[in-house]
Amino acid sequence: MAPPLCWPATSPSRLEIEAKIVFDAAVMMGKTESWLTGKPTNQNPENTFRYNICEISTWNGIGVENGRITRIDWYDEGLVGEIPESLGRLTALTYLFLGDNNLYGPL
């Protein structure tokens, strides 16, 4: 289940695109919804499993600077599987820590 785009928006911002990449990668590696610390959005007040990606800086282990994702720290999160190639599209990412998980594949 993908998070909604920021509202109102006519086209996604760079941060929204990067947040979608991170969200999808997390789901692919088995990260549970509990890592999202943001609150339900006004668009989905009853749905606690959908979060506004405008609040990505509140997600556990995610760092944002100047409107770009610069840090992912998912140490010992119980992640399994292949590291998604899509993380390579995060061109402002300067810190990626995935230690003590069961992951494989190139970065």
Side-chain angles (χ1 to χ4, degrees):
M1 173 180 316
L5 296 178
C6 299
W7 185 88
T10 54
S11 62
S13 69
R14 181 68 187 167
L15 181 57
E16 289 173 316
I17 293 167
E18 290 181 352
K20 177 78 167 83
I21 290 169
V22 169
F23 186 91
D24 290 346
V27 170
M28 287 177 64
M29 293 184 291
K31 196 154 178 55
T32 64
E33 298 287 348
S34 63
W35 68 287
L36 298 170
T37 58
K39 295 178 175 57
T41 66
N42 288 335
Q43 296 112 339
N44 293 311
E46 72 288 339
N47 188 344
T48 59
F49 293 108
R50 293 186 73 183
Y51 291 81
N52 192 317
I53 58 178
C54 294
E55 299 171 354
I56 189 169
S57 63
T58 68
W59 296 2
N60 288 334
I62 303 296
V64 176
E65 293 179 24
N66 300 317
R68 303 291 304 275
I69 295 173
T70 58
R71 179 182 180 89
I72 298 175
D73 184 348
W74 288 338
Y75 173 79
D76 194 22
E77 292 285 336
L79 305 177
V80 296
E82 188 170 3
I83 300 169
E85 291 179 22
S86 59
L87 292 179
R89 297 197 319 251
L90 301 173
T91 58
L93 189 68
T94 57
Y95 181 87
L96 175 65
F97 190 42
L98 303 172
D100 280 349
N101 289 291
N102 191 15
L103 299 170
Y104 64 91
L107 295 177

Considering residues, nucleotides and ligands other than N66, do more than 12 of their heavy atoms fall under 6.0 Å from its CG?
no
Once you round to the nearest 0.5 Å, how far does CZ of R68 lie from CD1 of I17?
9.5 Å
What's the separation between atom CD1 in I72 and atom CG in L93, rounded to the nearest 0.5 Å?
5.0 Å
Can you give me the closest heavy-atom contact between R89 and R14, atom names plus distance?
O-NH2, 3.4 Å
Would you say V27 ends up clustered with I83 if hydrophobic residues are merged whenever their side chains have heavy atoms under 4.5 Å apart, either directly or through other cluster members?
yes
What are the two closest non-hydrogen atoms of A25 and L87, and how far apart are they?
CB-CD2, 3.8 Å
Where the side chain of N101 meets the backbone of V80, is there a donor-acceptor pair that is under 3.5 Å apart?
no
Looking at M29 and E82, what are the two nearest heavy atoms and their distance?
CG-O, 3.8 Å
Measure from the side-chain N and O atoms of E18 to the backbone N and O of L15, and report whether any donor-acceptor pair falls under 3.5 Å.
no
Determine the minimum heavy-atom distance between L98 and L103, stating which atoms define it.
CB-CD1, 3.8 Å
For the pair T94 (side chain) and T70 (backbone), establish whether a donor and an acceptor sit closer than 3.5 Å, ignoring hydrogens and angles.
yes
Check each of N60, L96, D100, V22 against W74 using the side chain to side chain contact (heavy atoms under 4.5 Å, CB included) test, and report the only one that passes.
V22
